[in-house]
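Please read all numbers here as calculations on a predicted model, not as lab measurements. Within every chain, numbering begins at 1; the chains are lettered A, B, ... in the order of the sequence lines, protein sequences first and strands thereafter.
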Number of protein chains: 2
Amino acid sequence: MPVTELSDPTTAEAARIRFRDRQFAAREQAIVEATHRLLAQHGYDAMSMDDIAAEVGIAKGSLYRHFPSKEALAASVMVELLERSRTALRTTPAHFSPGQRLRWLLRWTFEQRLAGSVPHLPATNSALQTALLAHKVYVDQLFALSESLGELIGQAQALGELRADLPPTFVLYSFYARACDPTLDFMRAGGTLNDDQLVEYLVSACFDGLK
Amino acid sequence: MPVTELSDPTTAEAARIRFRDRQFAAREQAIVEATHRLLAQHGYDAMSMDDIAAEVGIAKGSLYRHFPSKEALAASVMVELLERSRTALRTTPAHFSPGQRLRWLLRWTFEQRLAGSVPHLPATNSALQTALLAHKVYVDQLFALSESLGELIGQAQALGELRADLPPTFVLYSFYARACDPTLDFMRAGGTLNDDQLVEYLVSACFDGLK
DNA sequence: GTCTATACTGAGATAGAC
DNA sequence: GTCTATCTCAGTATAGAC
């Protein structure tokens, strides 16, 4: 009878542990998501651990059972974003050329930001930036993404889809910078343009220029 | 004899006052310049009033004889930058076309930043941004500059020097965004490019695009 | 007006009960 | 593991002596 097995002490114990682990993992995910929202809305400095705890609906002290510091928590958010970005890059339509892939990925990042995501790179000289550079997982993810992008850029330049007179590093950094373009925030605040049009303008301004 | 006039009590008193005023004004200028440096290097949040006082070489309390708050002090820095920008715009070579003026001004802002100036716009959602929007002088200066730029953009679009399919507001915001382009900081940190070349790349990437 | 010393606040992090 | 309560510290701003 299954009853015996269900009431078996060791099995019940194991089930309880698995359940608790799931609870713990779920809560941690909720923390990361709440932090992501606040980070996108208010930025790193303006976001306090009190705010996060309130947003999740738990006590501030409990946050520190999951993450050792505010910096580590923010790093988790950024690592998750980088992982999703790498997945997005891997899943670009197979028949796309390198140049089309880059355009496609830039469009994807704008759509993410419009949907409430945090920009990929923190503002220069911000407290967050220096904190992130100390986090190995973050730096590794960023490096991996940059490798893939650098490869695409090289191919696109060789194919004449990107200007070859610009150093690849410059193109890479510009790509990151455009992904965080504050023009998106300004225009959204203005509110006269619909989102699709805005994204097309941003992508076009990056690759085709203003002239 | 001039001696009598020099030793005249009221004249001597007036001279002392003028001297004290100059001292005061000079100190205030030193404060603004020190703040500008720290703002450019570390950003608004990371810069404390202690840092500023130490940089100037005066007591922290004395800062508050000149500026009522940290925000007001930062606003002074930004207002001064905007004033210099408007002057730069007014003094573009007379024979330049609207498009050439815009290019020229963008190049000027990059050179300013390379020389240690703070970028024109604070990071989105930063504490500084919201503080500045409450300062009337700052907002007025920014509005005046935007008016002039908007006029130039309209003319350049009419002449075919700028794409006319992009909304003028979008071009204006993009111009501001490029003036603060973090690519400049990244590349400078990398250090493989000389400054002149970097500026040309940045200007070209803005107007001509990456493609 | 400038200095030293200090009040006050907000925020990150920790301790101890349950 | 989570909660409440508290510690610690940095940072803005002010008070009072000179």
Side-chain angles (χ1 to χ4, degrees), chain A residues 13 15-32 34-35 38-39 41-77 125-132 134-135, chain B residues 13-32 34-35 38-39 41-77 125-128 130-132 134-135:
Chain A
E13 173 73 10
R16 200 159 44 238
I17 288 176
R18 280 198 307 275
F19 177 74
R20 230 175 42 184
D21 282 355
R22 273 207 310 278
Q23 285 280 80
F24 188 80
R27 194 178 300 249
E28 191 157 306
Q29 188 57 30
I31 293 173
V32 171
T35 305
L38 293 175
L39 204 53
Q41 280 173 31
H42 309 301
Y44 182 75
D45 292 303
M47 165 191 79
S48 74
M49 294 298 264
D50 285 283
D51 295 336
I52 300 173
E55 175 93 3
V56 183
I58 63 174
K60 178 164 62 163
S62 303
L63 290 179
Y64 288 88
R65 290 284 157 185
H66 293 264
F67 298 93
S69 68
K70 183 183 177 184
E71 296 178 356
L73 180 43
S76 282
V77 170
N125 290 336
S126 78
L128 181 55
Q129 191 190 39
T130 52
L132 287 176
H135 273 268
Chain B
E13 172 72 10
R16 203 165 34 243
I17 288 175
R18 281 199 305 277
F19 176 75
R20 230 177 40 186
D21 281 356
R22 273 208 309 279
Q23 285 279 80
F24 188 81
R27 194 178 301 249
E28 190 156 306
Q29 188 57 30
I31 293 172
V32 172
T35 306
L38 293 174
L39 205 52
Q41 282 173 31
H42 309 302
Y44 182 75
D45 291 303
M47 165 190 79
S48 75
M49 293 298 263
D50 284 282
D51 296 336
I52 300 174
E55 176 93 2
V56 183
I58 63 174
K60 178 164 59 167
S62 304
L63 290 179
Y64 289 89
R65 292 282 158 186
H66 294 263
F67 298 94
S69 68
K70 182 184 177 183
E71 295 179 357
L73 179 44
S76 282
V77 171
N125 291 335
S126 79
L128 180 55
T130 54
L132 287 176
H135 273 268

TODO: Can you figure out which of C:dC3, D:dT2, D:dC3 approaches the side chain of A:Arg27 most closely?
DONE: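 The listed nucleotide nearest to A:Arg27's side chain is D:dT2.
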Going by the rule side chain to side chain donor-acceptor pair (under 3.5 Å), which residues pair with [X] if we only count those two or more places apart in sequence or in a different chain?
| X | value |
| --- | --- |
| B:Gln23 | none |
| B:Ser69 | none |
| A:Gln129 | none |
| B:His135 | none |

Please state how far atom [atom1] in [X] lies from atom [atom2] in [N], giving the value in whole angstrom units.
| X | N | atom1 | atom2 | value |
| --- | --- | --- | --- | --- |
| A:Leu38 | C:dA11 | CG | C1' | 15 Å |
| A:Leu73 | C:dG12 | CG | P | 11 Å |
| A:Phe67 | C:dT14 | CZ | P | 16 Å |
| A:His42 | C:dA11 | NE2 | C1' | 16 Å |

TODO: Please identify each residue that fulfils side chain to side chain contact (heavy atoms under 4.5 Å, CB included) with A:Thr130, with sequence neighbours left out.
DONE: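 By the side chain to side chain contact (heavy atoms under 4.5 Å, CB included) rule, A:Thr130 matches no residue at all.
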Open item on the list: So B:Met47 and B:Ile52, do their side chains get closer than 4.5 Å, heavy atoms only?
Closed with: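 Yes, side chains in contact.
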Open item on the list: Please encode protein proximity along nucleotides 5-18 of chain D as a string of B, S and -, counting only heavy-atom distances under 4.0 Å.
Closed with: ------SBBB----
Open item on the list: Is there a side-chain contact between B:His66 and the phosphate of C:dG1, meaning an N or O under 4.0 Å from OP1 or OP2?
Closed with: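 For B:His66, the contact criterion (side-chain N or O under 4.0 Å from OP1 or OP2 of C:dG1) is not met.
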- [ ] Starting from the first five and the last five pairs of the helix from C:dG1-D:dC18 to C:dC18-D:dG1, work out the angle between the resulting helix axes, to 10 degrees.
- [x]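 End axes: 20° apart.
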Task: salt bridge (charged side-chain N to carboxylate O under 4.0 Å, His left out) against A:Glu55, all qualifying residues, sequence neighbours excluded - done: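 Applying salt bridge (charged side-chain N to carboxylate O under 4.0 Å, His left out) to A:Glu55 gives A:Arg37.
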Task: Qualifying salt bridge (charged side-chain N to carboxylate O under 4.0 Å, His left out) pairs, either residue in residues 58-67 of chain A, two or more places apart - done: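 Sorted pair list: A:Asp50-A:Lys60.
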